Amino acid sequence: WSRIVTDDLISSVLAMVSLVIGGLSGSFAVILQALDGHGLTSFGHPVLTSFMIGFVVGIVLSTVLFSIIDSSVCAVIVCFAGSPVEFHRNHSELSHEMRNAWKEVWPGSLDVENVAAGLV
(Lines give C-alpha, C1' and ligand atoms only; values in the text may rest on other atoms or scores of the structure.)
Protein backbone atom coordinates (compact mmCIF):
# COMPACT_ATOMS: atom_id res chain seq x y z
CA TRP A 1 0.00 0.00 0.00
CA SER A 2 2.92 2.34 0.51
CA ARG A 3 3.45 2.65 -3.25
CA ILE A 4 -0.05 3.90 -3.93
CA VAL A 5 -0.15 6.15 -0.87
CA THR A 6 3.18 7.79 -1.65
CA ASP A 7 2.31 8.10 -5.32
CA ASP A 8 1.12 11.66 -5.65
CA LEU A 9 0.18 11.51 -9.32
CA ILE A 10 -3.23 13.09 -8.69
CA SER A 11 -1.68 15.95 -6.72
CA SER A 12 0.92 16.56 -9.43
CA VAL A 13 -1.65 16.60 -12.22
CA LEU A 14 -3.95 18.92 -10.29
CA ALA A 15 -1.02 21.26 -9.54
CA MET A 16 -0.15 21.42 -13.24
CA VAL A 17 -3.77 22.11 -14.14
CA SER A 18 -3.82 24.86 -11.50
CA LEU A 19 -0.79 26.45 -13.14
CA VAL A 20 -2.52 26.32 -16.52
CA ILE A 21 -5.65 27.87 -15.03
CA GLY A 22 -3.50 30.56 -13.42
CA GLY A 23 -1.84 31.31 -16.77
CA LEU A 24 -5.18 31.47 -18.54
CA SER A 25 -6.62 33.73 -15.84
CA GLY A 26 -3.59 35.98 -16.08
CA SER A 27 -3.90 36.15 -19.85
CA PHE A 28 -7.60 36.95 -19.53
CA ALA A 29 -6.74 39.75 -17.08
CA VAL A 30 -4.22 41.17 -19.57
CA ILE A 31 -6.83 41.09 -22.34
CA LEU A 32 -9.35 42.85 -20.10
CA GLN A 33 -6.78 45.45 -19.12
CA ALA A 34 -5.88 46.08 -22.77
CA LEU A 35 -9.52 46.39 -23.83
CA ASP A 36 -10.47 48.59 -20.89
CA GLY A 37 -7.53 50.93 -21.30
CA HIS A 38 -7.27 51.75 -17.59
CA GLY A 39 -4.21 50.62 -15.71
CA LEU A 40 -4.69 48.56 -12.58
CA THR A 41 -1.85 50.33 -10.84
CA SER A 42 0.24 53.45 -10.96
CA PHE A 43 3.37 51.40 -11.62
CA GLY A 44 4.86 51.55 -15.08
CA HIS A 45 3.96 47.95 -15.95
CA PRO A 46 0.16 47.55 -16.11
CA VAL A 47 0.40 44.41 -18.27
CA LEU A 48 2.63 42.62 -15.78
CA THR A 49 0.52 43.77 -12.85
CA SER A 50 -2.74 42.62 -14.44
CA PHE A 51 -1.20 39.27 -15.37
CA MET A 52 0.09 38.70 -11.85
CA ILE A 53 -3.27 39.60 -10.28
CA GLY A 54 -5.12 37.24 -12.65
CA PHE A 55 -2.50 34.53 -12.16
CA VAL A 56 -2.70 34.66 -8.37
CA VAL A 57 -6.51 34.70 -8.37
CA GLY A 58 -6.60 31.73 -10.78
CA ILE A 59 -4.04 29.74 -8.79
CA VAL A 60 -5.75 30.36 -5.45
CA LEU A 61 -9.26 29.51 -6.64
CA SER A 62 -8.25 26.41 -8.58
CA THR A 63 -6.04 25.13 -5.77
CA VAL A 64 -8.87 25.45 -3.27
CA LEU A 65 -11.31 23.67 -5.58
CA PHE A 66 -8.84 20.95 -6.57
CA SER A 67 -8.00 20.22 -2.95
CA ILE A 68 -11.52 18.79 -2.67
CA ILE A 69 -10.82 16.38 -5.52
CA ASP A 70 -7.44 15.40 -4.08
CA SER A 71 -8.96 14.74 -0.65
CA SER A 72 -11.74 12.66 -2.21
CA VAL A 73 -9.26 10.48 -4.06
CA CYS A 74 -7.23 9.98 -0.88
CA ALA A 75 -10.38 9.06 1.05
CA VAL A 76 -11.34 6.41 -1.51
CA ILE A 77 -7.85 4.92 -1.42
CA VAL A 78 -7.90 4.83 2.38
CA CYS A 79 -11.32 3.16 2.35
CA PHE A 80 -10.08 0.61 -0.17
CA ALA A 81 -6.85 -0.08 1.73
CA GLY A 82 -8.20 0.07 5.27
CA SER A 83 -11.32 -2.01 5.01
CA PRO A 84 -11.78 -3.62 1.61
CA VAL A 85 -14.56 -5.93 2.78
CA GLU A 86 -16.75 -3.05 3.99
CA PHE A 87 -15.93 -1.09 0.87
CA HIS A 88 -17.00 -4.07 -1.23
CA ARG A 89 -20.15 -4.55 0.83
CA ASN A 90 -21.24 -0.90 0.54
CA HIS A 91 -19.95 -0.10 -2.96
CA SER A 92 -19.52 -3.42 -4.74
CA GLU A 93 -19.36 -1.98 -8.24
CA LEU A 94 -16.63 0.53 -7.33
CA SER A 95 -14.76 -2.13 -5.37
CA HIS A 96 -14.83 -4.45 -8.38
CA GLU A 97 -13.50 -1.69 -10.66
CA MET A 98 -10.73 -0.79 -8.22
CA ARG A 99 -9.71 -4.44 -7.79
CA ASN A 100 -9.52 -4.92 -11.57
CA ALA A 101 -7.46 -1.76 -11.98
CA TRP A 102 -5.21 -2.77 -9.09
CA LYS A 103 -4.66 -6.23 -10.61
CA GLU A 104 -3.66 -4.66 -13.94
CA VAL A 105 -0.98 -2.54 -12.27
CA TRP A 106 0.21 -5.04 -9.65
CA PRO A 107 -0.81 -8.56 -10.77
CA GLY A 108 -1.08 -11.16 -8.02
CA SER A 109 -1.02 -8.66 -5.17
CA LEU A 110 -4.68 -9.19 -4.19
CA ASP A 111 -4.82 -12.97 -4.59
CA VAL A 112 -4.23 -13.81 -0.93
CA GLU A 113 -6.56 -11.05 0.24
CA ASN A 114 -9.32 -12.14 -2.12
CA VAL A 115 -9.31 -15.67 -0.80
CA ALA A 116 -9.17 -14.54 2.84
CA ALA A 117 -11.92 -11.94 2.41
CA GLY A 118 -14.14 -14.08 0.21
CA LEU A 119 -14.32 -11.45 -2.54
CA VAL A 120 -13.18 -13.53 -5.50
Side-chain angles (χ1 to χ4, degrees):
W1 292 112
S2 62
R3 289 177 104 181
I4 191 72
V5 172
T6 58
D7 184 21
D8 53 347
L9 178 65
I10 299 293
S11 300
S12 300
V13 169
L14 293 177
M16 285 188 277
V17 172
S18 291
L19 287 174
V20 170
I21 289 173
L24 291 173
S25 299
S27 300
F28 184 69
V30 168
I31 291 170
L32 283 179
Q33 187 273 331
L35 291 176
D36 188 28
H38 299 296
L40 294 175
T41 182
S42 61
F43 297 127
H45 306 289
V47 173
L48 179 63
T49 304
S50 62
F51 180 80
M52 291 307 295
I53 290 171
F55 183 77
V56 169
V57 168
I59 287 286
V60 168
L61 290 177
S62 63
T63 302
V64 167
L65 292 175
F66 286 156
S67 69
I68 297 169
I69 295 172
D70 191 32
S71 298
S72 300
V73 169
C74 290
V76 169
I77 290 172
V78 166
C79 287
F80 181 66
S83 53
V85 175
E86 286 83 10
F87 183 65
H88 180 74
R89 189 177 307 134
N90 295 323
H91 306 283
S92 60
E93 209 172 292
L94 292 174
S95 175
H96 183 68
E97 289 178 22
M98 285 186 72
R99 287 179 183 282
N100 288 338
W102 190 269
K103 287 177 186 177
E104 286 179 17
V105 176
W106 290 287
S109 64
L110 292 177
D111 291 342
V112 173
E113 293 176 19
N114 285 341
V115 173
L119 298 176
V120 177

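The residues of the chain are indexed from 1 along the displayed sequence. Everything numeric here is computed off the predicted structure, so don't read it as measured data.
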Quick one: do [X] and [Y] end up in the same hydrophobic cluster if we chain Ile, Leu, Val, Met, Phe, Trp and Tyr together by side-chain heavy atoms under 4.5 Å apart?
X   : Y   : result
I53 : V56 : no
V60 : L65 : no
L35 : F28 : no
L9  : F66 : yes

Check which hydrophobic residues are tied to V64 through side-chain heavy-atom contacts below 4.5 Å, counting indirect links as well, and list them.
none
Pairs touching residues 66-78 that satisfy side chain to side chain donor-acceptor pair (under 3.5 Å), sequence neighbours left out
S11-D70
Using atom types as modelled, flag every donor-acceptor pair under 3.5 Å from a side chain in residues 17-26 to any protein atom, sequence neighbours excluded.
{"from": "S18", "atom 1": "OG", "to": "L14", "atom 2": "O", "distance (Å)": "3.0"}
{"from": "S18", "atom 1": "OG", "to": "S62", "atom 2": "OG", "distance (Å)": "3.3"}
{"from": "S25", "atom 1": "OG", "to": "I21", "atom 2": "O", "distance (Å)": "2.9"}

Contact summary for A29 and S50, nearest pair of heavy atoms:
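Taking every non-hydrogen atom into account, CB-O, 3.2 Å.
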Please verify the inter-ring angle class for H91 with F87; under 30° counts as parallel, over 60° as perpendicular, anything in between as tilted.
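Rings of H91 and F87: tilted, as their planes differ by 30° to 60°.
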